[in-house]
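Note sheet for the following structure.
Numbers restart at 1 for each chain; the letters A, B, ... are given by sequence-line order, proteins then strands.
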Number of protein chains: 2
Amino acid sequence: MADTSTPTSDAAARYAALLQLLRTADVIWDASRVFFERWEVTPAQFNLLNLLADAAEGMTQSDLSRELLTHRSNITGLVDRLEDRGWVKRREQAGDRRAWRVMLTAVGRRRVADILPHYHRAAERLWEGAGPAEARRLLEVLQRIAGNAQAAAERLAGRSS
Amino acid sequence: MADTSTPTSDAAARYAALLQLLRTADVIWDASRVFFERWEVTPAQFNLLNLLADAAEGMTQSDLSRELLTHRSNITGLVDRLEDRGWVKRREQAGDRRAWRVMLTAVGRRRVADILPHYHRAAERLWEGAGPAEARRLLEVLQRIAGNAQAAAERLAGRSS
DNA sequence: TGCCAATTGTTGATATGTCAACAATCAGGT
DNA sequence: ACCTGATTGTTGACATATCAACAATTGGCA
């Protein structure tokens, strides 16, 4: 995670780009923590709220864990804390007594609506100095890398279990 | 963190690419956790060990925290656990009684040397299906985005403190 | 109908991460 | 020599993350 100078061989360039990928995600995440401080919300909490904003009927915690790429058990505490603060509520899921339907409260919905325009503006500013075609190229190569990583993880998981 | 379909406007493409960036870093991190299980090491621990492998004289914990983009206080526990397992040791830093010099033990050095070839091969496989110029373009745009995020965080931090 | 495997959410143990506060120490200027 | 401000590592409180194990429930199938 250290060398950021210009690489010489193709392999070195690929390795450097991967390190920079992880590093950039880290920097964005840290910047977003500072950004969300104004509303006393963490990035993880905002991502959950942002998902719920598009789900009028709410989502189960398993749904949330799949969308947020995080373990079921992590959602429990995340929802607990947001519920304590009155931004979300748990309602019974009709037809399945195992699951909760997690939805925004009126307050939560208002808060998310307050934050969203600032959030999109901040995201847009991260692209300063990059051309209009960059984003599409970036998206494509990132999707490929994520697919390869997913496949590698599944190969490895298949061996043990 | 949900929509991965092809975006229409430039702004939508930029937003989608950012989400994919965070998602890809997450997937890589999770895959690396599975990968490192064989050696009973976590990704965070490996990153620290990997840094130390290039520092014959060791590094202080502050040095480590700067390179790993993590808080000083996080390094304490990381080094504690690695020290308990005998992979690193703390030695006195000549000329500064506040600091430790953290270095690999002989065992730790051997373990890192065992892992590294597998690690580089696994990293290389993430690029399957991508052309040789992709990595350099990716590195460039990621550096720009990280710079912008860093600047945004500093602007925000400047306001409050 | 009744069994069994899968799913859902929670809990507890643990690792990783932040921050504020603290003691010890260092470094520079007077 | 002395004060002052910065740096170093640790601690404790907390948020976020994993996993295994558990109880409750669901759903399919013999």
Side-chain angles (χ1 to χ4, degrees), chain A residues 1 22 25-37 40-49 58-66 68-85 87-88 90-102 153 157 160-161, chain B residues 1 22 25-27 29-37 40-49 58-66 68-85 88 90-102 153 157 160-161:
Chain A
M1 292 274 293
L22 298 174
D26 219 53
V27 170
I28 291 176
W29 192 258
D30 285 349
S32 83
R33 181 182 303 109
V34 179
F35 170 78
F36 286 122
E37 264 171 14
E40 294 183 305
V41 167
T42 64
Q45 288 168 3
F46 176 78
N47 284 339
L48 196 157
L49 295 169
M59 300 172 68
T60 68
Q61 297 185 188
S62 280
D63 289 342
L64 287 166
S65 78
R66 271 185 288 273
L68 296 170
L69 302 188
T70 192
H71 196 273
R72 288 194 322 283
S73 64
N74 193 27
I75 303 293
T76 300
L78 227 31
V79 171
D80 282 350
R81 284 182 289 274
L82 286 168
E83 200 176 26
D84 287 345
R85 300 188 46 193
W87 293 39
V88 308
R90 285 182 168 102
R91 288 290 174 272
E92 282 177 9
Q93 170 83 318
D96 191 342
R97 295 199 299 176
R98 294 168 303 179
W100 296 111
R101 205 155 43 94
V102 182
S160 66
S161 70
Chain B
M1 294 272 294
L22 298 174
D26 219 54
V27 170
W29 192 257
D30 285 349
S32 83
R33 179 182 304 110
V34 179
F35 171 78
F36 286 123
E37 264 171 14
E40 294 183 304
V41 167
T42 65
Q45 289 169 3
F46 176 77
N47 283 340
L48 195 157
L49 295 168
M59 300 173 67
T60 69
Q61 297 186 190
S62 279
D63 289 342
L64 287 166
S65 78
R66 271 185 290 273
L68 296 171
L69 303 188
T70 191
H71 196 273
R72 288 194 321 284
S73 64
N74 193 26
I75 303 293
T76 300
L78 227 32
V79 171
D80 282 351
R81 285 182 288 272
L82 287 169
E83 201 176 24
D84 287 346
R85 300 189 44 193
V88 308
R90 285 181 167 103
R91 287 291 174 268
E92 283 178 8
Q93 169 83 316
D96 191 343
R97 294 199 300 177
R98 293 169 303 180
W100 296 110
R101 204 155 43 92
V102 182
S160 64
S161 69

Between [atom2] of [N] and [atom1] of [X], the distance in whole Å:
X: Leu49(A); N: dA15(D); atom1: CG; atom2: P; answer: 15 Å
X: Asp26(A); N: dT18(C); atom1: CG; atom2: C1'; answer: 12 Å
X: Leu64(A); N: dA17(D); atom1: CG; atom2: C1'; answer: 16 Å
X: Asn47(B); N: dG17(C); atom1: CG; atom2: C1'; answer: 14 Å
X: Arg33(A); N: dC14(D); atom1: CZ; atom2: C1'; answer: 12 Å

Would you say [X] reaches [N]'s phosphate, i.e. side-chain N/O to OP1/OP2 under 4.0 Å?
X: Arg81(A); N: dT16(D); value: yes
X: Thr76(A); N: dG9(C); value: no
X: Thr70(B); N: dT16(C); value: no
X: Thr42(B); N: dA15(C); value: no
X: Gln93(A); N: dG9(C); value: no
X: Gln45(B); N: dT16(C); value: yes
X: Arg90(B); N: dT10(D); value: yes
X: Ser62(A); N: dT8(C); value: yes
X: Gln61(A); N: dT10(C); value: yes

Q: Using a strict 4.0 Å threshold on nitrogen-to-oxygen distance, state whether Arg90(A) and Asp80(A) make a salt bridge.
A: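 So Arg90(A) pairs with Asp80(A) through a salt bridge.
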Q) Hey, are Asp84(B) and Arg81(B) close enough for a salt bridge, meaning a charged N less than 4.0 Å from a carboxylate O? A) no
Q: Hey, which sits more toward the 5' end of DNA chain D by its nearest nucleotide, Ser73(B) or Arg97(A)?
A: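 With Arg97(A) and Ser73(B) compared, the 5'-side residue is Ser73(B).
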Q) Of Asp96(A) and Trp29(A), whose nearest nucleotide on DNA chain D comes first from the 5' end? A)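 Result: Trp29(A).
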Could you pull out the closest heavy-atom pair between [X] and [Y], with the gap in Å?
X: Ile75(B); Y: Ser65(B); result: CG1-CB, 3.6 Å
X: Asp30(B); Y: Leu69(A); result: OD2-O, 4.5 Å
X: Val41(B); Y: Phe46(B); result: CG1-N, 3.6 Å

Q. With sugar-phosphate meaning primed atoms plus P, OP1 and OP2, does Arg85(A) contact a base, only sugar-phosphate, or nothing at under 4.0 Å between heavy atoms?
A. nothing
Q: Check every strand shown and say whether Ile75(A) touches a base, only sugar-phosphate, or nothing at a heavy-atom separation below 4.0 Å.
A: nothing
Q) Is there a donor N/O on one and an acceptor N/O on the other, under 3.5 Å, for the side chain of Arg72(B) and the base of dG9(D)? A)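 Donor-acceptor pair under 3.5 Å: yes.
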Q) Does a distance-only test, which skips hydrogens and angles, find a donor-acceptor pair under 3.5 Å between the side chain of Arg98(A) and the base of dT7(C)? A) yes
Q: Let me know, please, whether Gly77(A) or Val34(A) comes out on the 5' side of the other along DNA chain C by nearest nucleotide.
A: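 Closest to the 5' end, via its nearest nucleotide, is Gly77(A).
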Q. Which one of Leu78(A), Thr70(A), Leu68(A) satisfies the side chain to side chain contact (heavy atoms under 4.5 Å, CB included) criterion with Asn47(A)?
A.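 The option that passes is Leu68(A).
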